Structure formats: structure tokens, C-alpha cells
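Right, one structure below, let's go through it.
Note that the structure is a prediction, hence the values are computed from the model and not measured. Whatever order the structure lists ligands and atoms in, that order sets their numbers, starting from 1. For the single chain, residues carry numbers from 1 onward in sequence order.
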Amino acid sequence: MASILIKNGRIIDPSQGIDRVSNLLIRDGKIAGYDVPQNGQDRMIDATDKIVSPGLIDMHVHLREPGREEDETIETGTAAALAGGFTSIACMPNTDPPIDTQASVEFIQQQAARAGNCNVYVVACVSKDREGNELAEIGQLCRAGAVGFSDDGAPVYDPELMRRAFEYCLMFDRPILNHAEVRELTRGGVMHEGLMSMILGLPGMPAAAEDVMVSRDILLAEATGGRIHVQHVSTRGSIEIIRRAKAREVRVTTEICPHHFTLTDESLRSFDSNFKMSPPLRGRRDVEVCLAGLADGTIDVICTDHAPHAAEKKMRELDQAPFGIVGLETCLGLVITNLIEPGILDWPTAIAKMTMNPAQILGIPKGTLSVGADADVTIIDPDARWIVDPERFHSKSANTPFAGWELRGRAETVLVGGEVKYQVGQRSKQLI
Ligand SMILES: [Zn+2]
Ligand SMILES: [Zn+2]
């Protein structure tokens, strides 16, 4: 395989504490060295004024295949991931059928290999058929390659099932990723319960629905020694609960999606279903606590919860439309525009939350530019200004609340295993 020199970029690799301008050599698909002069390599990529990061990782993606290929396929979802700068993603198992057997894990792996875009890691179901009654074959799923377990889309409801899931996952050192929501409290809700839901006359989903289950999960993780990863954290209550649990060394981690640190429930004034997600957009005070949680390290990971829905579904009335938005192609721009530019996070901290931290939680050998590692690299243009145009998304779906937003910064060149898999401006939906 060819040698590639990425020249003169600002290399930021939190896994090695590196933040400096250097040349990075890639050979035979691996990271081969730093400070290497330009000298006969097969290819040179000029990264002057660019940031060279370990390939970004999104640990929360819905690829919809099998079962809902009208919303997304593994091929289109992984193409969208590349366009967003992600070289590895973890997909959620709420497909149809759900990913709860060895054969279904293998199907995802085969489809991902066939697509040949980014790396795809599989999060498998905690319960058989995602029904919450009976534990899935955790051991068998681990052997098939599952990196974690979740019934996302829905919480693991039964506390006894959850406790046993922790015990099993502990044997294989895998985390449980839970969508924390007490359904009795959110039934019929379409938005965050608060002053705004009252003003708009829309049924609400109280913050307590998240807080109560985050507390339960943490207590069960603590009791069993298991690892809980709180998915898409959104309330000040759960961030405070997680912060306290970390202080007493419970094995808890958490993630946040860009919409939860960017938007508030005020957006629902538009009655646009692209602002309908679960957990819902919260109030201003919650967003402030989320930003503080990002800055102080309580929130470990930035992920997208990429949830594609075909246009005809999202166009329904607010109460009928499904929850969720696409996120892969706007995440990096939102992080740069809303976290890095205002100085809430510095570059190394933001990159750690999209590389090293998710890699550690999932136990995957990614998120690093150390010599010998797979050459998964994201070259970021931090100054590019661009307008979000859903027509140009690589994703099959366009359900984003950020259409028309001007964002700063984007992935320019993305390498997976030493191969250039994406360059900005490359094929978009309009060109296919
Ligand atoms: Zn969820
Ligand atoms: Zn999700």
C-alpha cells in the first residue's frame, strides 16, 4: 500500500498529549511516524492551517438497516459519517429485526464491509427482541463483536433485568448504554415540560423522567460494579447526579448531542417536527449546565444520535411525527461553532470527546494517532464557513433543525485505514 505524507498540519492527538505542527507519515495503512520530511512519498496532502485529528468516532448512530431502508441504509449512513469527519461509528440495535443475535451482528458487519466507507461497530440489544423481558445472549453477542449493549429507542425498564445485564456485561467488560426515560412520566409528550410547553399548549416530558432513571442506573451500576454509559444526557438534574457519582468513583460515563447544547425548547414555537426529539430540547438553564458539564469533564463524549426519518414521516403533525434528527453531517461544525469558537472547550478537549473518550468506553483500538495505529485521520479546516444544506447531505434523510445555519469548520479530508475515503466537495446527493 502507498505512503502518504500529511504535511505541516496542526496535529492534535489527546491520546498522546500531542498538539503541535508536524508532518505525519502514513505507510501501509498505519501511522508510521512524525516529523518526517517530504521525500519520495507516493502522495502528499498539504495540511497547512488545518487540524489533523485522529479519525472522529460517533458512538451513537441509527443506521436503520435492516428494516427501515427508506430512512437510511448502512451504505448511506456510513457515507454521511465520512462527510461529517467520522471514521468509526457505533450503531444502535433498534432495527427491524433488532440486533439481538450473532447472525444480525454479522449482517451489519458484512453490509458495512460491502459499503467500504467507515468502520462500523455494533451495539447489540440488552433484551431479546428489544422487548425488555428476557436478557439477550450477551456472551454470544460479545463473541460476534458487539462492543456494548443498549435497547436505545427505549430504556431498559425492568430493574432486575438491568441488574443482571450489568452482571453479564461485567464478565465481558462491556458497557451498558441506556436511554434514560421513565415512560409513565413522558407518555404522550412531544416536548420538554416547562413554561414553554404551557405557553404552546403542548404535552410535556418532564426532566424528572430522565433524572429518575439516570439515578436508578447509577445505583445499579454501583451495586454490581458494572459500567453504565448514560446516553444523550440533557437535563441539569442528570448532569449533577452523574457528577456526584463520578466523584465517588462509580463507573459512569455520559454523552451529549449537539442539539442539546445548542437549542432550547423555545425552538418549538415553530411547531416544526425537526425540533422534536427524545430526550426533548430542554430549557435555557439545562443548556447552561450541559455546557458546564462539557467543560468540567462530567460529559465525556459528544455524539450525534443520528436518527434519520424519511421526509413524509417528519412532515406529519407534531404529535404524530417520530422523534429524532440526523446529525452526522452537522456535528463537527456545531462543535466548532458553538463550543470551540466561544471558548467553552479548547481544541484538544473537544477532540478527546470525539476520539479517545468514546474509544475507551467502547474498548476499541481507535481514536489515536500513535505509531502503529490504523491510519484513521480527519483533517479539519477550522476556518471554513458553510451553510447547512440538507439537499446536499449524503444521508438518505434530511430531518435537521439546522438547515440554513452558517457553521464554522468542517472535515476536509478523511482517511480510513490509510485510504482517502472523503474529500470535501466530493459527491453529494445532487450529483449521484
Ligand atoms: Zn435514545
Ligand atoms: Zn438513539
Side-chain angles (χ1 to χ4, degrees), residues 57-65 67-68 71-72 74 77 80-81 84 86 89-96 98-100 108 120-127 130 132 146-157 162 165 175-183 185-187 189-192 205 207 209-214 216-217 228-235 238 242 253-261 274-282 290 299 301-309 313-314 321-328 330-331 358 361-362 395 397 399-401:
I57 300 168
D58 185 352
M59 68 178 289
H60 192 151
V61 175
H62 296 270
L63 288 173
R64 303 305 191 206
E65 184 182 350
R68 281 174 49 194
D71 298 335
E72 194 79 285
I74 291 171
F86 296 100
I89 60 176
C91 64
M92 291 300 134
N94 61 335
T95 49
D96 186 14
I99 309 172
D100 66 348
I108 305 292
V120 176
Y121 292 93
V122 178
V123 173
C125 295
V126 172
S127 66
R130 257 184 86 246
V147 292
F149 292 86
S150 178
D151 278 355
D152 184 41
V156 177
Y157 220 82
M162 188 64 159
I176 295 179
L177 290 50
N178 203 24
H179 168 120
E181 177 184 352
V182 175
R183 283 279 162 93
L185 291 170
T186 59
R187 197 163 288 147
V190 300
M191 67 175 290
H192 174 61
M205 305 159 82
E210 180 173 317
D211 305 348
V212 168
M213 195 166 278
V214 168
R216 180 206 73 168
D217 288 349
I228 179 70
H229 178 76
V230 177
Q231 295 189 291
H232 42 49
V233 76
S234 72
T235 67
S238 44
I242 292 164
T253 52
T254 191
E255 63 183 29
I256 192 167
C257 308
H259 45 272
H260 285 128
F261 62 72
N274 283 324
F275 296 100
K276 180 183 176 186
M277 53 281 278
S278 174
L281 299 173
R282 303 291 186 182
C290 286
I299 300 172
V301 167
I302 298 167
C303 66
T304 67
D305 195 6
H306 180 78
H309 294 289
K313 297 179 193 168
K314 265 302 208 190
F323 292 99
I325 59 167
V326 291
L328 285 166
T330 49
C331 180
I361 292 164
L362 298 176
S395 171
S397 292
N399 49 310
T400 176

Worksheet item: If you look at Asp152, which of its N/O/S atoms is nearest to the Zn ion (ligand 2)?
Response: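 Nearest to the Zn ion (ligand 2) within Asp152's N, O and S set: OD2.
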Worksheet entry | Closest Asp305 atom to the Zn ion (ligand 2) [N, O or S only] |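 Distance check against the Zn ion (ligand 2) picks out OD1 in Asp305.
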Fill in: Flag for His62-Asp71: side-chain donor and acceptor within less than 3.5 Å
no
Discussion item. For a quick check under 3.5 Å, do Ser397 and Glu72 share a side-chain donor-acceptor pair by atom type?
Written reply: no
Discussion item. Between His60 and the Zn ion (ligand 2), is there a contact where an N/O/S atom of the residue lies under 2.8 Å from the metal?
Written reply: yes
Fill in: 2.8 Å cut-off met by an N, O or S atom of His232 to the Zn ion (ligand 2)
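Not a single backbone or side-chain N, O or S atom of His232 is under 2.8 Å from the Zn ion (ligand 2).
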Discussion item. So, of the N/O/S atoms that His179 has, which is the nearest one to the Zn ion (ligand 1)?
Written reply: ND1
Would you mind reporting whether [Y] and [X] have side-chain heavy atoms less than 4.5 Å apart?
| X | Y | answer |
| --- | --- | --- |
| Tyr157 | Met213 | yes |
| Val126 | Ile176 | yes |
| Ser150 | His229 | no |

